Amino acid sequence: MVPTSYYLILSAVLFGLGVLAFVFKRNIITIFMAIELMLNAVNLAFVAFSQALHKSDGEVFVLFVIVVAAAEAAVGLGIIILTARNRRSLNVERVDLLKL
Amino acid sequence: MSALAPYLFLIVPLVKIALLVFIVLTLDAYLTWLERKVIAHIQARWGPYRVGPHGLLQPLADGIKFILKEDPLPEGVDKKAYFFAPFLTLMLALTSLAVIPFGPDITILGYKTNFGIADVNISLLALFAITALSVYGIALAGWSSNSKYSLLGGLRSSAQMISYELSLTLSVVGVLLMAGTLSLKEIVEMQNNGNLGFFGWNIIGISKDGFGFTQIIGCICFFISAVAETNRVPFDLPEAESELVAGFHTEYASMKFAMFFIGEYTAMIAVSSLSTILFFGGWLSPFPASWTITHYLPSVILVPFGLWVFFDGIRYETIFGRIVLPGIGTVLTVVGAALFLFPAVNELIQGPFWFFIKVFAALFFYIWMRATLPRFRYDQLMEFGWKFLLPVSIANVVLTSAVLLWRMHG
Amino acid sequence: MSAVLVIFFILAGLAVFGAVALIVQSHPIHSALSLILVMLCLAGLYLLMGAEFVAAVQIIVYGGAVMVLFVFVIMLLNAGEEERTNFSKLASFAGVPLALALAGLIAAAIARSTVHMPAATTGELTSTRELSKLLFSQFVYPFELTSFLILVAILGAIVLAQRERH
């Protein structure tokens with residue numbers, strides 16, 4: 001038996017690491033990955049709660065989060081490809097002009 | 001025996017894993033022999049015939065060559081990914097076999113166990129999860145090799161495998177709707193239709209109460225997508241030798257190349273097993289259950305084949321062949337005769353026998369296609385996947401659910 | 001220590017290791033591989049909790065589709081090592097303590113508030129059938145909405161990726 005709080009603490013740690021990656025990395029793609037990491041951390045908390053409370057609602061929410069993440073990845077990566085094509089750089093700090 | 005009883009839950013799976021890996025690797029090796037031989041005969045050539053009688057020792061020679069070859073490390077490769085990619089490909093291909101049931105549950109010496117390694121209740125999803133990951137092996141190999149041909153191969157394969165995974169998954173939904181379960185074992189048992197034999201299989205789809213709906217559209221979509229997923233001709237663009245040298249494995253040599261090779265053939269076996277289970281009744285016999293005489297078919301096939309090998313071998317050109325071939329023939333004949341004499345053993349191998357026959361037929365179809373069809377162009381491949389295969393498999397889902405709904409309410 | 005707890009600690013350790021590796025690695029592909037490791041570990045943890053369907057979906061969608069897309073884009077853009085700029089040093093000074101503080105804060109809040117929570121069940125599988133019934137009855141409107149979301153995303157991605165025709 002693993003106490004629910006262990007899962008939640010792991011979830012918090014992963015979320016914190018995701019935030020850290022988000023502020024620390026300079027590459028747009030990696031920053032995007034940090035967001036995915038945070039979403040994953042939240043999913044873990046959802047599943048842990050749903051198991052602890054014996055309700056499947058949490059798992060349904062995880063499915064929704066996964067679907068939204070997939071849609072987000074499709075659009076986000078499209079934007080990244082466009083940005084990289086126009087600015088010739090993936091560094092977020094090079095993307096600081098509203099107009100080229 | 002009784003001292004071991006508490007540990008049986010651990011020993012039995014380990015033995016099964018060792019057996020399965022041994023059988024599958026041997027099968028892989030002889031699949032390469034079969035492929036070369038069949039393609040050669042289709043193209044009116046001889047194929048391998050120098051190493052051993054009928055080239056039967058060719059896989060062994062290939063294996064020795066793979067081990068002894070120099071393994072150069074190209075300049076500028078990403079070492080971690082370069083070494084990891086072939087391992088990943090082989091590992092995932094072998095893992096995917098773990099959830100496949102090769103026969104009904106069996107009881108040996110009073111210990112009841114499933115015919116396969118793991119009996120998971122979401123085995124189909126587990127299998128898709130494992131195959132979904134197999135794209136990384138190819139993509140990483142292509143990226144890490146620091147070669148433009150490899151990179152192009154890796155790019156092509158990742159786009160291709162994502163595209164065809166959709167139709168692969170959707171083409172199965174029809175079967176799932178009819179079976180109402182995700183367990184491969186239960187999907188096979190659902191197709192068991194007592195006295196109707198192969199009419200109960202999903203490709204014909206007549207259920208126990210005489211209601212029928214065929215999954216032939218799903219089957220065709222599944223098989224085409226499966227060929228694309230395993231990167232075989234006519235969808236072998238990731239390794240198209242006329243444009244990309246050897247695609248994603250251009251920079252690989254020796255054992256690392258062999259791992260890709262074994263991985264590809266193992267994936268072929270896994271996918272053939274899956275299509276057998278989903279559409280062709282898995283381990284079920286095509287004959288009605290009341291025809292018990294058909295249970296002697298393994299002997300009826302093995303004994304004449306063994307005798308033929310024996311008499312063909314006596315007249316073989318080389319001395320070595322004159323010893324080896326009759327030896328194999330004798331073994332086959334004895335096994336066939338033993339099956340005839342011990343009905344208990346014969347009953348035990350009925351399931352695996354039919355399963356093997358069906359998988360073999362699917363593998364032969366793979367090879368046949370390779371010898372027949374030319375390669376797609378890349379834009380044709382994408383158009384075919386997105387504009388034909390995907391809509392057709394979605395239409396199959398809609399059609400199947402409509403028929404099932406009509407059946408429930410009409 | 002029970003076997004389940006040992007498995008939990010192995011998977012949790014690997015997940016944290018992957019998340020740290022995501023930050024430390026400087027090449028996007030290595031970061032992506034670390035993230036895949038995290039996702040696989042999370043799938044293992046879901047299995048441990050008995051959420052088998054979510055575990056399978058996690059691997060199929062996240063591992064097999066979303067991350068493949070990431071790897072594909074990194075390969076397509078031929079992204080190299082990350083370049084360091086002046087601002088990222090500031091981020092490393094201010095970011096590390098702040099993020100650690102955030103993680104610590106959340107963890108502390110959880111540790112304090114969930115003492116009375118029942119332990120997460122293990123081995124007791126939520127049936128996939130039950131989950132799908134819930135999805136198609138109680139949550140049917142959100143479910144249909146997500147399909148619209150995906151449709152919009154597909155259209156958006158196509159519009160974005162299409163080169164302008166002159």
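These numbers were taken from a predicted model, which means no experiment stands behind them. By convention in this document, chain letters (A, B, ...) are assigned in the order of the sequence lines, proteins followed by strands, and residues within each chain are numbered from 1.
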Open item on the list: Keeping B:Tyr136 on the side-chain end and C:Gly63 on the backbone end, is there a donor-acceptor pair under 3.5 Å?
Closed with: yes

Task: Top contributor to chain C contacts, counting heavy-atom pairs under 4.5 Å, from B:Leu140, B:Leu155, B:Leu182, B:Ile162 - done: B:Leu155

TODO: Would you mind checking which part of C:Ile36 comes under 4.5 Å of any heavy atom in chain B, side chain (CB onward), backbone (N, CA, C, O), both or neither?
DONE: side chain

- [ ] Inspect the surroundings of CZ in B:Phe87 and state if more than 12 heavy atoms from other residues, nucleotides or ligands are less than 6.0 Å away.
- [x] no

Task: Heavy-atom closest pair, residues B:Ala129 and C:Ala56 - done: CB-O, 4.4 Å

- [ ] Rounded to the nearest 0.5 Å, what's the gap from OG on B:Ser158 to CE on C:Met67? Could you check?
- [x] 13.0 Å

- [ ] Measure C:Val68 against the heavy atoms of chain B and call it side chain, backbone, both or neither at under 4.5 Å.
- [x] both

TODO: Any chance you could measure C:His27, atom NE2, to B:Lys80, atom NZ, to the nearest 0.5 Å?
DONE: 11.0 Å

Task: Residue from C:Ile60, C:Val57, C:Ile59 passing side chain to side chain contact (heavy atoms under 4.5 Å, CB included) with B:Leu125 - done: C:Ile60

Open item on the list: To the closest 0.5 Å, what do you measure between CZ (C:Phe72) and OG (B:Ser157)?
Closed with: 9.5 Å

Task: Minimum side-chain heavy-atom gap B:Leu133-C:Leu40 below 4.5 Å - done: yes

Open item on the list: If you count heavy atoms of other groups shown closer than 6.0 angstrom to OH of B:Tyr378, is the number above 12?
Closed with: yes

TODO: With side-chain contact (heavy atoms from CB on, under 4.5 Å) as the test, would you mind laying out the steps for B:Asn121 and C:Glu52 before giving the verdict?
DONE: CA-CA 9 Å; B:Asn121 59 345; C:Glu52 39 171 21; 2.9 Å; yes

Task: Any side-chain donor near an acceptor of the partner, B:Asp78 and C:His30, under 3.5 Å - done: yes

